[in-house]
Chemist: 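The structure under discussion is supplied below as structure tokens; questions concerning it will follow.
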Number of protein chains: 2
Amino acid sequence: MNLKQLSDKLGLSQTTVSRALNDYPEVNEATRERVKKAAREHNYQPNIRATGLATGKSKTIGHVIPMNSTEVFNPIFGEFIAGASQAYSRCGYELSLTMAHEDAEESIYREIASKGSVDGIIVHAPRVNDPRISLLQELQLPFVIHGRDSSNETDYSWIDMNNRRAFFRATKLLIDLGHKNICLINGRETLNFAWRRRQGYVDALTADHLDIHPELMYSGDLTEANGYSAAASALANTIKPTAFLVSSYVGALGVRRAIHNAGLEMGSDVSVIIHDDELSYFENDGDIPQFTATRSSVRDAGERAALMLIDLINQPNGAAPLTKLLDAPLVLGASTGPVKK
Amino acid sequence: MNLKQLSDKLGLSQTTVSRALNDYPEVNEATRERVKKAAREHNYQPNIRATGLATGKSKTIGHVIPMNSTEVFNPIFGEFIAGASQAYSRCGYELSLTMAHEDAEESIYREIASKGSVDGIIVHAPRVNDPRISLLQELQLPFVIHGRDSSNETDYSWIDMNNRRAFFRATKLLIDLGHKNICLINGRETLNFAWRRRQGYVDALTADHLDIHPELMYSGDLTEANGYSAAASALANTIKPTAFLVSSYVGALGVRRAIHNAGLEMGSDVSVIIHDDELSYFENDGDIPQFTATRSSVRDAGERAALMLIDLINQPNGAAPLTKLLDAPLVLGASTGPVKK
DNA sequence: ATACCCATCCAAAGCGCTTTAAATTTATTC
DNA sequence: GAATAAATTTAAAGCGCTTTGGATGGGTAT
């Protein structure tokens, strides 16, 4: 069923039917009701490509997920997108997903822009000194970044949590508990979020005049396996950590395994603080959460980011960039305690 | 830059330019080269909506992810989609993602179909007696299911692993090791895959004339937390299990925690076999994998499913359904051993 | 009754592409 | 060299929608 068929059936012009359905004022209320009823009955849906052609809008938002050579698909992306899609379905947008391998990244973004299949895009996992920002500015495609690029001074829209601050506070807590050898098991530090978390960690140690040991700092894709091997090798180190600061729940599961394997108890022998993105598969709550954590819902961030982008798209051109900084409170769980003498 | 501008610049008709770019035979080779060169230089990309309107194809595949009230986003979906998207980018397709809440499921599928925004869809997480199959058949939209509905006798395209067989073999291995009280920690058994896995488990017990204890069978979203609480309560049971069969790696991480918390050692005190979907965040390999597992790559399944669907779309109508059954070999790891007397 | 105003509704153009039907040019045959 | 066939190219229609620029007609003021 298309517009023509529907309007023929109603004995009206396509113009009137189209206007009735899109709530234009210049159509009689009785007519509008009649049209809407018929549309419902015949299950009429305007062809999205035709609408797109006519309006120049696609009502589609692109999400571009960077893939590096390790080919790891981070569950965080899924959770963020689940949040975003709630906003999309409320606002009548569709979601188009693209995986962009690092080596072809620029051409992928250019192609998306020139193909005109999306009205805007969400940029995931910004790096330190990320070339995508200026590229997208050049391409004139509205975008919102999940995260920031601290090294970029230009104006752009982003939503992020306060990574530096969160890890500063987490480190401070461990220091206050008497820990001196605190091992940081971080995400890839070419990524901006990880870089800022490390800053928070370093700043807190510095503030308390504690030594910074490079051999206590790990960085990489935070898989369970990597969390395990980082923690295992840290525990075998000459400078033996009494506490771990882990950038993700999943990585912390590996850390927990390493701690157990070393015959130690988490919470008493060794303290652990994680950052908890509140992934639905990895809830860390309850009366006493398993892990002490800085906490910030990535699903919520996804929903907010989507709404910001939709705002951006609907604003007249040259709109001021939107930004949102989320706080990640520190939640006490069972995995931290005073250092053992 | 659009077709008209490009052809004006070249002094050719739109027809010829379009044909040159789409490799139609009726255009002079020299002309074709000239056109392609110009297109490259001006970074011309045909407008996808216009192409779609003209051809009636959208070159887009829809993935519809079911969301139930627990709002859990399974990492498996992400991994499957990562695989599928490889096929899409090779074949020039886009990927459109929709989250479908259970209560509005039918209308969402209907809307997708009538809006015509996709050429076909991938159906995730089929249930036992899944109404979506007949719905999609009625809607005449090509589709491939990741999984099957064993209760549906009609012909449709699917890709699945041999769930029953895999869990039969896994159970058999545990029985051979002397285990009698084997606890099944399964996914939601309204989902077909989980239902079939349970069949395999029950069949193996039955084949060896072992008792089937309902209190040794758990079913639910296989999160870490649920895996933990299921295993913890099983271990506190009067019929104390000496082995666990866990439907996912993530769930098994919770089971592992429960085992440790009970002061037991995995592999010696308690055996565990999991199903390993080879999620990139949860590798279970190495010389001796952490867990003994039935193994099947869900990313690979995603890629195959995508190719199947593209085949289906490009075949003349009334094409025979495509099906693919993947085997899930049993891989020995460190988590299994003979029962302790 | 006349002029003017709204409230409604409609015909047709246009979005950027593909494809049919036809025209034009070039090559081949006798 | 005329007739015919083959190779190229083009004009124009059409995909399904929105939107511009009128029509149409009843209501109101004069």
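It should be emphasised that the depicted structure is a prediction, and the values quoted were computed from it without experimental measurement. Chain identifiers are assigned alphabetically (A, B, ...) following the order of the sequence lines, protein sequences preceding nucleic acid strands; residue numbering begins at 1 within each chain.
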Chemist: Please list each protein N or O that sits under 3.5 Å from an N or O in nucleotides 14-17 of chain C, with the distance.
Modeler:
{"from": "dC15(C)", "atom 1": "O2", "to": "A54(A)", "atom 2": "N", "distance (Å)": "3.4"}
{"from": "dG16(C)", "atom 1": "N2", "to": "A50(B)", "atom 2": "O", "distance (Å)": "3.4"}
{"from": "dC17(C)", "atom 1": "OP1", "to": "Y44(B)", "atom 2": "OH", "distance (Å)": "2.9"}
{"from": "dC17(C)", "atom 1": "OP1", "to": "N47(B)", "atom 2": "N", "distance (Å)": "3.1"}
{"from": "dC17(C)", "atom 1": "OP2", "to": "L3(B)", "atom 2": "N", "distance (Å)": "2.3"}

Chemist: Closer than 4.0 angstrom, basic N to acidic O: yes or no for E303(A) and R299(A)?
Modeler: no
Chemist: Distance alone, cut at 3.5 Å: any donor-acceptor contact between the side chains of E71(B) and S280(A)?
Modeler: no
Chemist: Once you round it to whole Å, what is the distance between C1' of dC10(C) and CG of D8(A)?
Modeler: 13 Å
Chemist: At 10 degrees resolution, what angle do the end axes of the helix from dA1(C)-dT30(D) to dC30(C)-dG1(D) form when each is taken over five base pairs?
Modeler: 50°
Chemist: Answer yes when K37(B) and E33(B) have at least one side-chain N-carboxylate O distance shorter than 4.0 Å, and no when they do not.
Modeler: no
Chemist: Is T16(A) close enough to dC9(C) that one of its side-chain N or O atoms is under 4.0 Å from OP1 or OP2 there?
Modeler: no
Chemist: If I take atom CD in residue E29(B) and atom P in nucleotide dT9(D), what distance separates them, rounded to the nearest angstrom?
Modeler: 11 Å
Chemist: So, is Y24(A) close to the dT8(C) phosphate, meaning a side-chain N or O under 4.0 Å from OP1 or OP2?
Modeler: no
Chemist: Take atom CD of E26(A) and atom C1' of dC5(C), then tell me their distance rounded to the nearest Å.
Modeler: 16 Å
Chemist: Under a 4.0 Å N-O cut-off, is there an ion pair linking E29(A) with R34(A)?
Modeler: no
Chemist: I'd like to know if R32(B) pairs up with D23(B) as an ion pair, taking the criterion as any Lys NZ or Arg NE/NH1/NH2 lying under 4.0 Å from an Asp or Glu carboxylate oxygen.
Modeler: yes
Chemist: What is the distance, rounded to the nearest whole Å, between atom CG of L12(A) and atom P of dT24(D)?
Modeler: 17 Å
Chemist: With a 4.0 Å cut-off on N to O distance, would you call E106(B) and R132(B) a salt bridge?
Modeler: no
Chemist: Between the protein and nucleotides 22-26 of chain C, which nitrogen or oxygen pairs come in under 3.5 angstrom?
Modeler:
none

Chemist: Distance only, no hydrogens: is a donor on one side chain within 3.5 Å (strictly under) of an acceptor on the other, for S150(B) and N192(B)?
Modeler: yes
Chemist: Could you tell me if S18(A) and T15(A) have a donor-acceptor pair between their side chains, going purely by distance under 3.5 Å?
Modeler: no
Chemist: Could you check whether G11(A) gets within reach of a base, just the sugar-phosphate, or nothing at all, counting any heavy atom under 4.0 Å?
Modeler: sugar-phosphate
Chemist: Charged N to carboxylate O under 4.0 angstrom, K57(B) versus D119(B)?
Modeler: no
Chemist: Between the base of dT19(D) and the side chain of T15(A), is there a donor-acceptor distance below 3.5 Å?
Modeler: yes
Chemist: Looking at R127(B) and E105(B), is there a salt bridge between them, counting it only when a charged N and a carboxylate O are closer than 4.0 Å?
Modeler: yes
Chemist: Describe, in one word, how the ring planes of Y156(A) and F143(A) are oriented to each other, choosing from parallel (under 30°), tilted (30 to 60°) and perpendicular (over 60°).
Modeler: parallel
